[in-house]
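Each chain gets a letter, A, B and so on, in the order the sequences are listed, and its residues count up from 1.
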Amino acid sequence: MPVFERVQNVLARVMQVPQQQVRLESRKDDFAHWDSIRHLDLIMEIENAFSCTLTMNEATAIGSVRDVVDLIAKKVAA
Amino acid sequence: MTTLANCSTRSISQDPAVSRPAAVRALLVADTVVDPIGRFLADPVNAPAIQAQIAPYNQVRQILLDTEHPAWRQSQDFSESPNLLIIWTTPAAAVPAFAGLLEFRGADVESILAEVDELADAILSSASRAPWVFVVSWTLPPYRRWVQARSMRHETGAANVLMRMNLRLAERLAPAKNIVLLDSQYWHASLQRPSHDPKLQAMAQVSYSRDLFVKAAAEIKAVYRGLRGQGRKLVICDLDNTLWGGILGDDGIDGLQLGGHDGIGQSFAGMQCELLSLRRRGVLLAVCSKNDHQAAIDAIERHPEMLLRLADFVSLRINREDKAANVEAILRELNLLPQSAVFLDDHPAERDRVRRAFPEMLVPDLPQDIAAYPSFVASLDCFEAGEQTTEDQARTELYRIESKRRAARAAAGDSVQAWLESLNIRVTILPLDRINLPRAAQLLNKTNQFNMSVRRMSDDELWRWSSQPGRTALLFSVADRFGDSGITGLITSELRGDGSAALVDFVMSCRVMGKQIEDAILARMCRRLTEAGATSISASCVQTDKNEPVRAFLAGKYASPPLLDLSRVGAPGHIAIESREN
């Protein structure tokens, strides 16, 4: 499954929205539930889904779906 | 970023896409940020889904002591009072005097325990607010390395005092039967990945990793299920490559891999050991196997390394029929529902068959590596049972055994002899036969410490040697009231025409050394030889760098080496011998 679809899956689950509502250009403000708690949930679920570890800088810099997809692409390539 | 510490009371709701009626409502009171656990508690895949309302952070005493605290008033998500109150505190925050010790500011254990008592009183005062109260026991932060040279020191070490705190808490909470103290030490220890994530700590004061929260949620649910009588009550096992290594129909009873010194045999013995342990806990065991019925019965009863015997199983379905049909017959016979049972089978197709037939039955995939079978069974969390729901018969037995143990321990005091006598050691003497031959050869070839002549022989060599006139080979198995050690020793002898006899081999597993079993075996063999006409018995002991134990034992038995002084050979009174000799 492509990275975007997997990210879409994780975000939809954590933010409690239908999957199609998670678009590449979606930003934090587009999700009603994306608060500090959900941000942590998102980080934990991304790490779990992609078997990777984010640094604190990477984790705090996430503000959009694209940020997540780019970060995963970078992690996978590394 | 706003830390979770600043957040007010929150309700964690589950994903609406998989929303179901909430079965359990919980109020979670904590002095540390535990919000991430909410999602895992709410997950309906691992029943029950627990809807957790997380009370304002770090107001544990205020909430517990104030019956009017807003946390007790249900939010819009809760129209009724909670089914479960979870109290999750950390030792340094809950017991400030302990923080002093932890941070080298000094503290005395009495002040620490006084604070524990105070918290225990607060918990007890709120015990009636919910049918069940779960209290998370204390652990030190896993990343903190306290001074290890002093950590366990009496009354001053951090780990030592923490144990005291947990014990005190357990003692103080014991009168309230609806309070369960959860062993969080186990949560941390059982994780294969870190239980702490420094990033989460830095960003939001979350002291635990995702894995720890997943584990904690699973354990909370497991304990809750157990208290509600929803623990699994029956394990239905396959035989070939599940309880023993190999295929009985192909390999025969002699060819099964079970016990002994090889890794495969040990893994299956370990698996049986875990199942036996479950049986002792009150879980029922049954067999469902595609095998020849009589051959399987013979193997269960006669294989010397079987730990589980026919008496351990409540139902046997050993035939060539469909496994789902056999499972159904077992359930019907025992009057149990599929949700009460676990099905263990190494074969993926059989698992799939049973899983499809009984979706509510737990049919776990066994580990790829059979070495992990025992730990896999040991780690299953589905057999949880609270005192109220333990089956009467098992409870009776458990209490009876425990009461006997207490009496024996108290009666034994400090005397080794009294302790030995309390063990109720039973030694069974067996003639060498084709079934126990591999085990006998293993003992000869792998035993180093208690090995008199260190003869290394193959199965066939040993069989041929022992088949000659005048030669005797006896194995012995050892059991005491705490368990069965199986076949753990071999002694062989040769009686010559002139009346002289010699012990040829004397080997014993180190597992059973130190209980005077060697005395009993030696006495038995000497008596047998004497009755057969021996006028002298010798025991030549070779010297290796590892067999000091057997040399030390025999040193006290000689008239002049290698001749034994039979007046120094005698069977200790505390060992019961059962002979199955020819």
Side-chain angles (χ1 to χ4, degrees), chain A residues 1 4-23 26-65 67-68 70-72 74-76 78, chain B residues 1-19 28 30 32-45 51-54 56-57 77 191-218:
Chain A
M1 194 189 290
F4 171 64
E5 278 181 40
R6 292 169 66 192
V7 169
Q8 205 179 21
N9 218 325
V10 171
L11 262 144
R13 201 154 28 89
V14 173
M15 301 304 165
Q16 298 185 355
V17 295
Q19 201 156 326
Q20 57 273 26
Q21 206 174 307
V22 182
R23 297 184 303 275
S26 304
R27 305 193 55 79
K28 193 173 173 177
D29 293 345
D30 298 328
F31 299 93
H33 293 303
W34 193 331
D35 59 10
S36 58
I37 305 165
R38 291 298 159 89
H39 193 85
L40 285 190
D41 289 342
L42 180 61
I43 292 162
M44 285 190 266
E45 294 312 312
I46 288 169
E47 288 183 328
N48 186 55
F50 293 94
S51 301
C52 64
T53 303
L54 307 185
T55 66
M56 187 166 65
N57 283 340
E58 289 167 339
T60 49
I62 291 172
S64 68
V65 176
D67 287 344
V68 179
D70 290 349
L71 186 57
I72 297 303
K74 192 180 88 181
K75 287 275 175 192
V76 170
Chain B
M1 176 180 288
T2 310
T3 68
L4 300 192
N6 299 327
C7 295
S8 58
T9 303
R10 296 166 301 276
S11 171
I12 307 293
S13 58
Q14 60 192 88
D15 184 341
V18 288
S19 182
L28 208 168
T32 182
V33 183
V34 292
D35 298 59
I37 200 176
R39 286 183 304 124
F40 306 120
L41 287 171
D43 184 359
V45 173
Q51 295 278 10
Q53 174 165 310
I54 301 182
Y57 165 83
D77 293 343
L191 286 184
Q192 302 299 308
R193 295 197 283 184
S195 60
H196 172 76
D197 184 339
K199 169 174 75 250
L200 302 183
Q201 180 82 56
M203 289 171 69
Q205 299 176 29
V206 175
S207 298
Y208 310 105
S209 66
R210 179 186 189 278
D211 291 317
L212 192 281
F213 284 124
V214 169
K215 179 67 180 172

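- In this structure, A:R38 CZ and B:R39 CZ are separated by 8.0 Å, a value rounded to the nearest 0.5 Å.
- Shown here for A:L40 and B:A204, the closest heavy-atom pair between the two residues is CD1-CB, 3.4 Å.
- For the atom pair CE (A:M44) and CG (B:D197), the distance works out to 8.5 Å, reported to the nearest 0.5 Å.
- Taken to the nearest 0.5 Å, the CZ atom of B:R193 stands 6.0 Å off from the CG atom of A:N48.
- For the pair B:M203 and A:I43, the minimum side-chain heavy-atom distance is below 4.5 Å.
- Scored by the ring pair (Phe, Tyr, Trp, His ring centres under 6.0 Å) test, B:Y208 finds B:W88, B:F213 as partners (sequence neighbours excluded).
- Counting all heavy atoms, side chain and backbone alike, A:L54 lies closest to B:K199 at O-NZ, 2.8 Å.
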